[in-house]
There are 2 protein chains.
Amino acid sequence: MKRDWLPGKTACDKVRPVQGSLESRVRLLNIKQIRYFASAVAYGSLTAAAKHEYVSVQAISKSLSDLERELGYSLFSRKSHGIAPTAFGNAFLREATSVLKGFERLETFATCWGGGARISG
Amino acid sequence: MKRDWLPGKTACDKVRPVQGSLESRVRLLNIKQIRYFASAVAYGSLTAAAKHEYVSVQAISKSLSDLERELGYSLFSRKSHGIAPTAFGNAFLREATSVLKGFERLETFATCWGGGARISG
DNA sequence: CCCAATTACGAATCTCGTAACTATG
DNA sequence: CATAGTTACGAGATTCGTAATTGGG
């Protein structure tokens, strides 16, 4: 999540050079950040989220800090014993949840498909 | 997308050791693969998709090959002048499109939010 | 001191471009 | 030969775990 640019006013409105001569559209968000965030809110702390996501607290902390920096808004306030989402965090969570649901549907769909063409090996 | 395991019968049903002593749940899919796939179908070839996604054809080809391997199904057939989605590919695309829409909504939402708490710097 | 989170740093992993190659027409 | 895609390889970018540190209770 180490990025040398900041998000613009609208999503996907920037281009940067990358690895040689090509360029790349800037993108916000990735599914892992969204998942970590939803988990953190659901379980009330980064520590609890880390357990459920099978990663270290540090990974969650870093990922979510990056997410906040990229979005430009604070997603939750850090309390002594866990976290509490901000107004933005709550609003973001609602949208995020539907994205995660869609992702799960897609995974389920793919693993349950029996229509043929399965690759062998 | 280099993974040493294969997807199981249901999504997220496997655990593997990773980087030290922790373990990690296996996950299918990432947003980039889905975006590349949708683009490839929309534009009819990997080459065209690569242009629109600002990456090389090789990156698209690799990403989608990995996706097919992970899913266990072929997503499209390679023709002399482009590609054509399989039955599975078409079905997958329908679900994938709604996920991508959700993602875009989330990006738009985040960049258009004006409720406060914006991080300075 | 305990607990939750963050920062620092390095190793493992992943992404993707260049180059070389295969296949179809 | 021209076009579309694939494979191989390595450089650069990202992820994440361990260790050390900070801050509230």
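Only heavy atoms go into these numbers, but all of them, side chains included; no hydrogens, no water, no symmetry mates. Throughout, a chain's letter reflects where its sequence line sits, starting with A, and its residues are numbered from 1.
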By nearest atom, which of the nucleotides [options] is closest to the [X] side chain?
| X | options | answer |
| --- | --- | --- |
| A:Thr47 | C:dA4, D:dC16, C:dC16 | C:dA4 |
| B:Ile83 | D:dG25, D:dT6, D:dG5 | D:dG5 |
| B:Arg16 | C:dT6, C:dC14, D:dC16 | C:dC14 |
| B:Gln58 | D:dT7, D:dC16, D:dG5 | D:dT7 |
| A:Ser80 | D:dG24, C:dA5, D:dG5 | D:dG24 |

Write down the distance between [atom1] ([X]) and [atom2] ([N]), rounded to a whole number of angstrom.
| X | N | atom1 | atom2 | value |
| --- | --- | --- | --- | --- |
| A:Leu75 | C:dA5 | CG | C1' | 15 Å |
| B:Lys79 | D:dT6 | NZ | P | 14 Å |
| B:Lys51 | C:dG17 | NZ | P | 13 Å |
| B:Asp66 | C:dC14 | CG | C1' | 10 Å |
| B:Glu23 | D:dG17 | CD | C1' | 14 Å |
| A:Leu64 | C:dT7 | CG | C1' | 15 Å |
| A:Arg35 | D:dC16 | CZ | P | 11 Å |
| B:Lys62 | D:dT6 | NZ | C1' | 11 Å |

Please confirm whether the backbone N or O of [Y] pairs with a side-chain atom of [X], one donor and one acceptor, at under 3.5 Å?
| X | Y | answer |
| --- | --- | --- |
| A:Glu68 | A:Leu75 | yes |
| B:Ser39 | B:Arg35 | no |
| B:Ser24 | A:Tyr54 | no |

Examine [N]: is either OP1 or OP2 under 4.0 Å from a nitrogen or oxygen in the side chain of [X]? Give yes or no.
| X | N | answer |
| --- | --- | --- |
| B:Arg78 | C:dA23 | no |
| B:Ser56 | C:dG17 | yes |
| A:Lys32 | D:dT14 | no |

Checking all strands, does [X] fall into the base, sugar-phosphate, or nothing category for heavy-atom contacts under 4.0 angstrom?
| X | answer |
| --- | --- |
| A:Tyr36 | sugar-phosphate |
| B:Ser21 | sugar-phosphate |
| B:Ser45 | sugar-phosphate |
| A:Val57 | base |
| A:Ile60 | nothing |

Check the orientation of A:Phe88 and A:Tyr73. Use parallel for under 30°, tilted for 30 to 60°, and perpendicular for over 60°.
tilted
Inspect the contact between B:Arg27 and A:Glu104 and indicate whether a charged nitrogen and a carboxylate oxygen are less than 4.0 angstrom apart.
no
Measuring from B:Glu95:CD to A:Thr108:OG1, what's the distance to the nearest 0.5 Å?
9.5 Å
